[in-house]
Amino acid sequence: MPGSLPPLSQLAVGLAFAVTLAVARVAGATDGVRIIDAHSHYTEADAEALDPAEIIARLDAAGVSRVVISGTPADLALRLHAVAPGRIVPFLGVYDSHLDKARWMHDERVPERAEAQLAEGAWAGIGELHLFAPDAGSPVLARLVRLADAQDLILMLHGDAEIIDRVFAIAPAVRVLWAHLGTDPEPGALAAVIERHAGRALWIDTSVRDPLIAPDGVLLPEWRALLEAHPERFLVAVDAFSTNRWHRYGEVAAAIRRWTADLPEGLRDRLLFGNAQAMLSGARASEPSEDR
Ligand SMILES: [Zn+2]
């Protein structure tokens with residue numbers, strides 16, 4: 001029924017209004033400040049629920065320009081990378097299923113397989129690797145550390161301070177991303193590790209600890225002091241560790257924006273973007289440091 005259609009001019013006004021609304025919504029959600037998400041995952045379950053285009057749409061809505069992705073299995077990260085090579089930074093996951101989290105360090109086949117995979121993909125790092133003090137002497141860990149060191153790859157570690165010490169003892173120049181503020185997220189303990197490894201390539205992500213360091217979105221003074229004392233060490237991350245977390249991706253990114261909002265602009269930009277950019281710019285296969 002053509003008679004019931006609105007005149008063209010009205011359509012145009014409506015369309016312009018909708019576009020304005022959409023832009024306002026994005027600006028409101030992201031406050032115009034860019035984020036690199038230094039730690040997220042893409043699993044088989046995630047891939048069934050969200051195809052690469054839907055992942056990219058989530059990054060866009062959250063104002064996330066680049067994201068480190070570890071796949072389970074590994075190649076899922078390359079599937080995302082193929083769709084948006086400038087935005088997806090693939091880290092080589094060594095787990096076929098979440099069960100490998102607890103046993104990879106005893107599996108002698110892991111380093112060989114990793115070496116073969118590294119020869120073929122555009123990997124920028126290895127991990128996330130879960131590992132704690134009792135397994136610090138694992139020869140499998142040592143081989144992966146040497147592999148990362150030799151190939152300029154970042155090692156993403158989920159472990160305690162003993163593991164960080166061990167990794168730098170094996171390879172003092174290796175690049176390390178320590179997940180979740182470590183396993184003892186306490187400012188004094190972290191400051192001690194940072195001071196012990198002054199001059200080393202150590203970055204520490206705050207993922208999943210946002211409510212701990214910033215209850216109700218307000219950064220606690222002792223954490224603010226730590227970030228200000230070591231402005232080049234810390235970086236934010238969403239850690240999309242489940243499909244549900246991917247559904248809440250924008251919400252988590254918004255919470256990160258909230259607790260960083262009161263920091264001096266330079267420090268905030270380092271946490272949200274600059275430190276991750278610096279970490280990734282030296283890594284193999286990472287995109288050249290285009291300014292996004
Ligand atoms: Zn993780």
Side-chain angles (χ1 to χ4, degrees), residues 35-47 49-50 55 58-59 62 64 66-81 87-105 110 114 117 123-132 135 141 144-145 148 153-161 163-164 167 175-185 190 202-213 233-253 255-256 271-272 275-276 279-280 283 286:
I35 290 184
I36 295 176
D37 171 3
H39 173 166
S40 271
H41 300 270
Y42 194 49
T43 65
E44 218 141 54
D46 299 335
L50 299 163
I55 295 292
R58 275 169 171 73
L59 303 182
V64 169
R66 296 174 82 191
V67 56
V68 168
I69 292 284
S70 172
T72 311
D75 282 354
L76 284 174
L78 296 182
R79 194 189 293 177
L80 284 183
H81 181 259
R87 299 185 66 184
I88 305 293
V89 183
F91 275 29
L92 179 68
V94 303
Y95 308 159
D96 283 327
S97 89
H98 69 279
L99 298 174
D100 294 325
K101 235 186 222 189
R103 61 190 182 197
W104 67 271
M105 69 295 282
V110 164
Q117 286 170 300
W123 306 103
I126 301 175
E128 180 179 14
L129 299 173
H130 297 74
L131 184 75
F132 307 96
D135 287 317
L141 169 69
L144 288 183
V145 171
L153 297 156
I154 299 155
L155 265 186
M156 192 205 282
L157 297 169
H158 176 134
D160 41 34
I163 296 300
I164 302 302
V167 164
R175 307 161 77 77
V176 170
L177 173 57
W178 193 13
H180 317 308
L181 299 173
T183 52
D184 179 20
L190 282 166
L202 172 65
W203 290 272
I204 303 169
D205 87 51
T206 58
S207 64
V208 188
R209 304 299 194 184
D210 310 273
L212 174 88
I213 66 175
R233 296 289 191 172
F234 295 91
L235 32 82
V236 303
V238 171
D239 188 7
F241 55 78
S242 66
T243 307
N244 184 44
R245 186 91 164 166
W246 271 114
H247 285 303
R248 294 180 46 228
Y249 193 89
E251 197 185 306
V252 177
I256 290 169
L271 286 173
L272 297 187
N275 289 342
M279 176 182 78
L280 297 173
S286 185

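Whatever order the structure lists ligands and atoms in, that order sets their numbers, starting from 1. Quick caveat: nothing in here was measured; it's all calculated off a predicted structure. All residue numbers in this chain count up from 1 along the given sequence. Reckoned from all heavy atoms, side chains included, excluding hydrogens, waters and symmetry mates.
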Minimal heavy-atom distance between Ala240 and Ser40, with the atoms involved, is N-OG, 3.0 Å

Among the N/O/S atoms of Glu128, the Zn ion (ligand 1) lies closest to OE1

For the Zn ion (ligand 1), the nearest N/O/S atom on His39 is atom NE2

Short N/O/S contact of His180 with the Zn ion (ligand 1) (below 2.8 Å): no

- prompt: Is His158 close enough that one of its N/O/S atoms sits under 2.8 Å from the Zn ion (ligand 1)?
  reply: no

Contacts of Asp75 meeting salt bridge (Lys or Arg N to Asp or Glu O under 4.0 Å) (sequence neighbours excluded), chain-then-number -> none

Item checked: Trp246 (side chain) donor-acceptor with His41 (main chain) under 3.5 angstrom -> yes

* Sidechain-backbone polar pair: Trp104 side chain, His130 backbone, donor-acceptor under 3.5 Å -> yes

